Amino acid sequence: MNGDVKNIYLIGFMGAGKSSVARKLAQQIGAKRIEMDQLIEEQEGMPITQIFERHGEEYFRNLETELLRSFLGQENLVVSCGGGSVLRDENTGLMKKEGAIVLLTATPETIYERVKDNKNRPILNGNMNVEYIRGLMEKRRERYEAVADYTVATDGKRIPQICEEIIALIKQ
């Protein structure tokens, strides 16, 4: 990676493309890919929906913070962050300490098309529609934009194109 950027943290709403982009981007730049949600599920031995049901959102957010702390001192990581991981200042501070935060965006319609068949979205369960997604996205938009070092729209783009945009932005 370039200059001061040791790691890349991909943030954005669920369905914005974080996991798919992280996979390809890590491959392209020879970095290690980390899926925060997947790692938390493995550590807890249960899916995120169950973590939310059993322990609540606060417990889950604490797990995200601990995981981000564990990345300190590591380099050459592409981290696909959980959709709500940037809601805590501590988390964004940990990300910015040794990396660049890249916000991936998409329209509510695009998000809906990408997530409509996925049942592992605890925030959306029972509310799988464009209007609900739009409202939740709007609640988080200001926060995402405030913490992002770079923003890349993913609508109508192929994953390699998105990766190239990210690489070009970080190399500036």
Side-chain angles (χ1 to χ4, degrees), residues 1-48 51 59-106 110-111 114-115 118 120-123 137 140-172:
M1 271 180 252
N2 188 49
D4 296 335
V5 178
K6 296 176 183 170
N7 301 310
I8 298 172
Y9 294 91
L10 299 178
I11 67 166
F13 201 75
M14 64 187 83
K18 298 180 302 286
S19 295
S20 302
V21 171
R23 189 175 303 112
K24 182 70 177 168
L25 184 61
Q27 189 181 21
Q28 277 187 266
I29 63 175
K32 179 181 178 186
R33 175 181 64 100
I34 294 180
E35 284 289 329
M36 283 184 61
D37 286 351
Q38 185 182 327
L39 224 53
I40 289 170
E41 286 182 339
E42 288 169 10
Q43 289 171 350
E44 293 294 300
M46 65 181 88
I48 288 169
I51 296 170
Y59 178 86
F60 177 75
R61 299 297 171 208
N62 289 337
L63 294 174
E64 288 179 321
T65 302
E66 288 307 311
L67 188 54
L68 285 165
R69 275 194 200 120
S70 76
F71 302 151
L72 290 177
Q74 295 186 52
E75 294 184 15
N76 212 22
L77 303 178
V78 173
V79 182
S80 173
C81 300
S85 61
V86 298
L87 299 177
R88 282 189 177 175
D89 289 338
E90 182 179 359
N91 291 356
T92 55
L94 290 166
M95 291 178 204
K96 284 184 178 286
K97 188 171 180 149
E98 296 179 326
I101 300 176
V102 178
L103 169 61
L104 300 181
T105 64
T110 298
I111 299 290
R114 292 176 182 169
V115 303
N118 189 323
N120 292 326
R121 307 286 184 175
I123 299 289
M137 285 177 77
R140 290 185 177 178
R141 183 178 58 82
E142 195 175 317
R143 178 66 179 173
Y144 284 149
E145 290 173 357
V147 302
D149 297 307
Y150 308 100
T151 301
V152 176
T154 65
D155 298 287
K157 294 178 186 169
R158 296 173 49 82
I159 291 165
Q161 182 184 358
I162 297 163
C163 293
E164 290 305 321
E165 276 186 55
I166 292 169
I167 293 166
L169 286 168
I170 289 173
K171 284 184 176 175
Q172 286 180 347

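It should be emphasised that the depicted structure is a prediction, and the values quoted were computed from it without experimental measurement.
- Of the possible donor and acceptor atoms, none in the side chain of R140 sits under 3.5 Å from a partner among the backbone N and O of F13.
- Residues S70 and L67 approach most closely at OG-O, 2.5 Å, considering heavy atoms.
- Taking 4.5 Å as the limit, every side-chain heavy atom of V147 sits out of range of all side-chain heavy atoms of L103.
- Side-chain contact annotation: S20 with R114, donor-acceptor N/O pair under 3.5 Å absent.
- Once rounded to the nearest 0.5 Å, the distance linking CD of Q28 with CD1 of I167 reads 4.5 Å.
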side-chain contact (heavy atoms from CB on, under 4.5 Å) between Q43 and L63, worked out: CA-CA 9 Å; Q43 289 171 350; L63 294 174; 5.6 Å; no
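- For K24 (side chain) and I162 (main-chain N/O), no donor-acceptor pair under 3.5 Å exists by modelled atom type.
- Nearest approach of M36 to S85, heavy atoms of both residues: CE-CB, 4.4 Å.
- Checked by atom type and distance alone, the side chain of T92 never pairs as donor or acceptor with a backbone atom of V86 at under 3.5 Å.
- Atom-to-atom distance recorded for K171:NZ and L169:CG is 11.5 Å, nearest 0.5 angstrom.
- Between the side chain of E98 and the backbone N or O of N7 there is no donor-acceptor pair closer than 3.5 Å.
- Atom-to-atom distance recorded for I34:CD1 and L10:CG is 11.5 Å, nearest 0.5 angstrom.
- Annotation: side chain of I170 is in contact with side chain of Y150 (closest heavy-atom distance under 4.5 Å).
- Going from atom SG of C81 over to atom CD1 of I11 covers 7.5 Å, rounded to the nearest 0.5 Å.
- Taking each heavy atom of T154 and A106 in turn, the nearest pair found is OG1-CB, 3.6 Å.
- Taking a 6.0 Å sphere around CD of E42, one finds it holds more than 12 heavy atoms contributed by other residues, nucleotides or ligands.
- With values rounded to the nearest 0.5 angstrom, N91 atom CG is found 9.5 Å from E66 atom CD.
- Taking the side chain as every heavy atom from C-beta outward, R23 and Q27 never approach each other to under 4.5 Å.
- In this structure, the side chains of E41 and I48 come closer than 4.5 Å at one or more pairs of heavy atoms.
- Residues D37 and F60 meet the side-chain proximity criterion, which asks for heavy atoms closer than 4.5 Å.
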Working for side-chain contact (heavy atoms from CB on, under 4.5 Å), residues S19 and Q38: CA-CA 10 Å; S19 295; Q38 185 182 327; over 6 Å; no
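- Judged by distance alone, with hydrogens and angles left aside, the side-chain atoms of K18 form no donor-acceptor pair with the main-chain N or O of L104 at under 3.5 Å.
- If you take CD on Q74 and NZ on K32, they are separated by 6.0 Å, rounding to the nearest 0.5 Å.
- Proximity of T151 to E145: side-chain heavy atoms (C-beta onward) are nowhere separated by under 4.5 Å.
- For the pair L68 and L94, the tightest heavy-atom approach, listed with the atom from each and the gap, is CB-CD1, 3.9 Å.
- With I8 as the fixed residue, the side-chain contact (heavy atoms from CB on, under 4.5 Å) test singles out one of D149, V102, V79: V102.
- In terms of heavy-atom proximity, V152 sits nearest to E165 at CG1-OE1, 3.5 Å.
- For K96, the NZ atom sits in a packed shell: over 12 heavy atoms of surrounding residues, nucleotides or ligands are nearer than 6.0 Å.
- Ionic pairing of R88 and E64 is not present here: no N-O contact between side-chain nitrogen and carboxylate oxygen is shorter than 4.0 angstrom.
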